[in-house]
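Everything numeric here is computed off the predicted structure, so don't read it as measured data.
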Amino acid sequence: MKIYTFEESTGGLPVNQDELYMREALKLAQQAFDEDEVPIGAIIVAQGKIIGKGYNLTERLNDVTAHAEMQAFTAAANFLGGKYLKDCTLYVTVEPCVMCAGASYWTQVSKIVYGARDEKRGYSAIGSSIIHPKTTVVPGVLEAECANLIKSFFRNKR
């Protein structure tokens, strides 16, 4: 599916839907960056509408489970009034960790789209069996932009 946008950045050309929503997740990752949180952003989309979003809040909340995906899952479930996110897509700027991948399994989210791969802590390091068998995974959407943001954050920390 192509979405037409008339913003200057695209010159009115069709934009891939996954890229469009990943840009929204990147905005949240930038917000996390600006707040000195690990810059990961996540949104949940259902029927073309953003129904949940979040970014890392682990430092602010002093909570190791306050990942972007977890924030987005909670917001989407509250929006829908139920815990299952069937027919929904998670867009996240970095590959989900094992905890977030496990949570995605329990939500039964239909699709996961992520930007940068996380070779050290990403779920794929242990295999894809942690993802629900009916969940489609699309890696590498706006990968360079997502990776550059997180690399920049950690470079500034050194």
Please name the pair of heavy atoms, one in Tyr21 and one in Gly48, separated by the smallest distance, quoted to 0.1 Å. OH-O, 3.0 Å

List for me each residue that meets side-chain hydrogen bond (donor to acceptor under 3.5 Å, both in side chains) alongside Lys53, sequence neighbours excluded, and say none if there are none. none

Under the rule for side-chain hydrogen bond (donor to acceptor under 3.5 Å, both in side chains), what residues qualify as partners of Glu59, not counting sequence neighbours? none

ring-ring contact (aromatic ring centres under 6.0 Å, His included) against Tyr114, all qualifying residues, sequence neighbours excluded: none

Pairwise salt bridge (Lys or Arg N to Asp or Glu O under 4.0 Å) hits with a residue in residues 70-82, at least two apart: none

Spacing of CG belonging to Leu90 relative to CD1 belonging to Ile43, to within rounding of 0.5 Å: 8.5 Å

Those residues that, when tested against Lys27, pass salt bridge (Lys or Arg N to Asp or Glu O under 4.0 Å) (two or more places apart): Glu24

Testing the basics here: between Cys146 and Val141, what is the closest heavy-atom pair and its distance to 0.1 Å? SG-O, 4.1 Å

Could I get the full list of side-chain hydrogen bond (donor to acceptor under 3.5 Å, both in side chains) partners for Arg121, not counting sequence neighbours? none

Rounded to the nearest 0.5 Å, how far apart are CG of Asp36 and CG of Asn56? 12.0 Å

With Asp118 via salt bridge (Lys or Arg N to Asp or Glu O under 4.0 Å) - residues at least two apart: none

Check side-chain contact (heavy atoms from CB on, under 4.5 Å) between Asn62 and all other residues, then give those that pass, not counting sequence neighbours. none

Begin with the C-alpha distance, continue with both residues' side-chain angles, and end with the deciding distance and a verdict on side chain to side chain contact (heavy atoms under 4.5 Å, CB included) for Arg60 and Glu37. CA-CA 8 Å; Arg60 181 191 303 173; Glu37 294 277 357; 3.5 Å; yes

Between Ala29 and Gly41 the two heavy atoms that sit nearest each other are CB-N, 3.5 Å

Steps toward side chain to side chain contact (heavy atoms under 4.5 Å, CB included) verdict (Asp63, Leu57): CA-CA 8 Å; Asp63 179 357; Leu57 293 171; over 6 Å; no

Among residues at least two apart in sequence or on other chains, which ones pass side-chain hydrogen bond (donor to acceptor under 3.5 Å, both in side chains) with Ser110? none

Under the side chain to side chain contact (heavy atoms under 4.5 Å, CB included) rule, what do Tyr123 and Ile112 come out as? Steps first, then yes or no, please. CA-CA 12 Å; Tyr123 80 89; Ile112 298 172; 5.9 Å; no

Spacing of OG1 belonging to Thr136 relative to NZ belonging to Lys111, to within rounding of 0.5 Å: 7.5 Å

Flag side-chain contact, heavy atom, 4.5 Å: Thr135 against Tyr105: no

Do Trp106 and Val98 share a hydrophobic cluster (ILVMFWY, side-chain heavy atoms under 4.5 Å, transitive)? no

Any heavy-atom pair between the side chains of Arg23 and Leu20 that's under 4.5 Å? no

Review item, side-chain donor-acceptor pairs of residues 67-85, under 3.5 Å, at least two apart:
unit_1: His67; atom_1: NE2; unit_2: Val64; atom_2: O; d: 3.2
unit_1: Thr74; atom_1: OG1; unit_2: Met70; atom_2: O; d: 3.0
unit_1: Asn78; atom_1: ND2; unit_2: Thr74; atom_2: O; d: 3.3

Sequence neighbours excluded, every pair satisfying side chain to side chain donor-acceptor pair (under 3.5 Å) that has a member inside residues 89-103: Asp18-Tyr91, Glu95-Ser124

Report the residues that fulfil salt bridge (Lys or Arg N to Asp or Glu O under 4.0 Å) with Glu143, sequence neighbours left out, ordered by chain and then residue number. none

So His132 and Val109, do their side chains get closer than 4.5 Å, heavy atoms only? no

Cys88 side chain reached by Ile51 side chain, heavy atoms, under 4.5 Å: yes

Quick one: do Gln30 and Leu149 satisfy side chain to side chain contact (heavy atoms under 4.5 Å, CB included)? Show the steps, please. CA-CA 8 Å; Gln30 183 64 52; Leu149 183 60; 3.5 Å; yes

For the residue pair Phe33 and Ser152, establish whether any side-chain heavy-atom pair is separated by less than 4.5 Å. yes

